[in-house]
> 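One structure coming up, written as structure tokens, with questions to follow.
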Number of protein chains: 2
Amino acid sequence: MPAPGRPRGFDRDAALRSALRLFWERGYEAVSISELTEAMGIGARSLYTAFGCKEELFREAVELYGCTPGLGTATERALETAPSARAAIEAMLRDNAEIYADPESPRGCMVVLSATNVSADNESVRLFLEQRRRAVGESVRARLAAAEGEIPACADLDALADYAMTVLFGLSVQAKDGASVAGLHKVIDAAMLGWDGMIRACA
Amino acid sequence: MPAPGRPRGFDRDAALRSALRLFWERGYEAVSISELTEAMGIGARSLYTAFGCKEELFREAVELYGCTPGLGTATERALETAPSARAAIEAMLRDNAEIYADPESPRGCMVVLSATNVSADNESVRLFLEQRRRAVGESVRARLAAAEGEIPACADLDALADYAMTVLFGLSVQAKDGASVAGLHKVIDAAMLGWDGMIRACA
DNA sequence: GTAATTCTGCAACGGTCACTGCACAATGGA
DNA sequence: TCCATTGTGCAGTGACCGTTGCAGAATTAC
């Protein structure tokens, strides 16, 4: 039983995916409504009817990014399935590196890069992504805290988590600048030696 | 003997510093000409007479950032004055961290953050900063290559340099998100253990 | 003084921005 | 068939974008 009224003439999910890709590639403010309507294959009026306004569309696109397998879910999945804290951090970095440098997709992480600088009017958008970055950091911290026995009691969990996030953020910039998947993995090799060093230095 | 014609009615250097601060804080596209003229205390016509156009003004601001002691010179200075490759990398990270989280200045690195996403028309601006980031990476690489004997011959200098740059980039994002100086230093503690691990793993 | 040169304030330029009012189209239910 | 509801195309809204033409102001050289 569809809702009453004229049915929507386009695939809302597909249109949202097109918007996601555009926002991911060039950022929130740098993408105009007319570019969006062209990429989504709809008129401006339909965009507003379906998604409300540009900011709401962006937020929905970020949500979709976050819950799409192979994109934003990589971090969560790595943290949940890896058998140890160390393996979780490494999997998080490596799986994301593959996504960041995938030639089929925009480069780097949408959450890190798509609203780093905005005009005063759109500060709320920047804060929205900042909060999502913070939430990822919290997840990492929680995963470390749950690693009973594996990490020496004297270790600074906050510093470990911040270190992992810093490397993750840096990988996005490197990928945007054209780094290869192999190059990113070499960086992660070094980063994991940093992890081991921190654990060893404390024990 | 000043040049003929009506003399400029404002301090060009001071105006450029105001523009630098604004671009640093919010990025190239997110800052409008009217915001610039207000901050610089001049009319739009004077801005164009003195600086050419918005993009040229931005490039000059980035140059100024790069050659101002306590800002963009920190990296170069650290690489030149530190007594060892390891000390050079550590000084580069720590000195920049102090700048990135300085409460008196915009947060993070202007070169990393002020043009990460731009509209299609201004891609040249993004590429300009990308090239500057690349140049810094080259400087780091060169410093490591010059560290005769200190680094084992089997070490991957490219990976070491890319690792240092990745951490440096990540620190900018962390600072923009509000990280404290102390927090950044803890991250660098970890990062330097990564450095030591890479050296040790190879030797 | 006059000419040449440069800078500045004013008032606009065409273009694009995000967004919307309105008439009409397309559906479901009575 | 007629109504209620919702989506869509068209044509615009006012605001702001980066930029500029022009007249006049301020200086040096003569």
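Chain A is the first sequence line, chain B the second, and so forth, proteins listed ahead of strands; every chain is numbered from 1.
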> Send over the distance from B/Phe10 CZ to C/dT6 P, rounded to a whole Å.
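Going from B/Phe10 (CZ) to C/dT6 (P), I get 15 Å.
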> Quick check: on DNA chain C, is the nucleotide nearest B/Ile42 upstream (toward 5') of the one nearest B/Gly5, or the reverse? Name the residue that is more 5'.
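With B/Gly5 and B/Ile42 compared, the 5'-side residue is B/Gly5.
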> Kindly indicate whether a cation-pi arrangement holds for B/Arg8 with B/Phe10, taking the cut-offs as under 6.0 Å to the six-membered ring centre and within 45° of the axis.
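The answer is yes; both the distance and angle limits are met.
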> Output yes when at least one side-chain N/O atom of B/Ser46 is less than 4.0 Å from OP1 or OP2 of C/dT8, else no.
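Yes, such a contact exists.
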> Please give, in whole Å, the distance from D/dT19 P to B/Phe51 CZ?
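To the nearest whole Å, that distance equals 14 Å.
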> Is any side-chain N or O of B/Ser32 closer than 4.0 Å to OP1 or OP2 of D/dC16?
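Result: no.
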> Rounded to the nearest Å, what distance is computed from the CD atom of residue A/Glu55 to the C1' atom of nucleotide C/dC19?
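The answer, rounded to whole Å, is 14 Å.
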> On DNA chain D, compare the nucleotides closest to A/Gly9 and B/Glu29; which residue's is nearer the 5' end?
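In this pair, the answer is A/Gly9.
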> Would you mind reading off the distance between B/Leu57 atom CG and D/dC17 atom P, rounded to a whole angstrom?
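Spelled out: CG on B/Leu57 to P on D/dC17 is 15 Å.
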> Rounded to the nearest 0.5 Å, what separates atom OH in B/Tyr28 from atom CG in B/Leu22?
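CG of B/Leu22 is found 13.0 Å from OH of B/Tyr28.
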> Does B/Ser34 make a side-chain N or O approach to OP1 or OP2 of D/dC16 shorter than 4.0 Å?
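For D/dC16, OP1/OP2 do not have a side-chain N/O of B/Ser34 under 4.0 Å.
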> Compare the minimum distances between each of C/dA18, C/dT20, D/dG18 and the side chain of A/Arg45, then state the nucleotide with the smallest one.
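Nearest to the side chain of A/Arg45 among the choices is C/dT20.
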> Just how far, in rounded Å, is C1' of C/dC13 from OH of B/Tyr48?
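One finds 12 Å between C1' of C/dC13 and OH of B/Tyr48, rounded.
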> Determine, step by step, whether B/Arg134 and A/Asp177 satisfy the salt bridge (charged side-chain N to carboxylate O under 4.0 Å, His left out) criterion, reporting the C-alpha distance in whole Å, the side-chain angles of both residues, the deciding distance to 0.1 Å, and the verdict.
CA-CA 8 Å; B/Arg134 230 184 277 278; A/Asp177 283 357; 5.8 Å; no
> A/Ala44 or B/Thr49: which one's nearest nucleotide on DNA chain C is closer to the 5' end?
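Comparing both residues, the 5'-ward one is B/Thr49.
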> Please state how far atom CZ in A/Phe58 lies from atom P in C/dC19, giving the value in whole angstrom units.
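It works out to 14 Å between those atoms.
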> Below 3.5 Å, does any donor atom in the side chain of A/Arg6 face an acceptor in the base of C/dG28, or the other way round?
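Between C/dG28 and A/Arg6, which were checked side chain against base, a qualifying N/O pair under 3.5 Å is absent.
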> How long is the line joining NZ of A/Lys54 and P of C/dC17, in whole Å?
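Taking NZ of A/Lys54 and P of C/dC17, I get 9 Å after rounding.
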> Does the distance from a Lys or Arg side-chain N to an Asp or Glu carboxylate O, for B/Arg26 and B/Glu35, drop under 4.0 Å?
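Salt bridge between B/Arg26 and B/Glu35, a charged N being under 4.0 Å from a carboxylate O: yes.
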> Mind checking what makes salt bridge (Lys or Arg N to Asp or Glu O under 4.0 Å) contact with A/Arg132, not counting sequence neighbours?
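Residues passing salt bridge (Lys or Arg N to Asp or Glu O under 4.0 Å) with A/Arg132: A/Glu63.
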> Output the rounded distance in Å from CG (A/Leu36) to P (C/dA18).
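A/Leu36 atom CG is separated from C/dA18 atom P by 8 Å.
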> Closest-nucleotide mapping onto DNA chain D: is B/Val31 or A/Pro7 further toward the 5' terminus? I mean the 5' end.
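On the 5' side of the pair lies A/Pro7.
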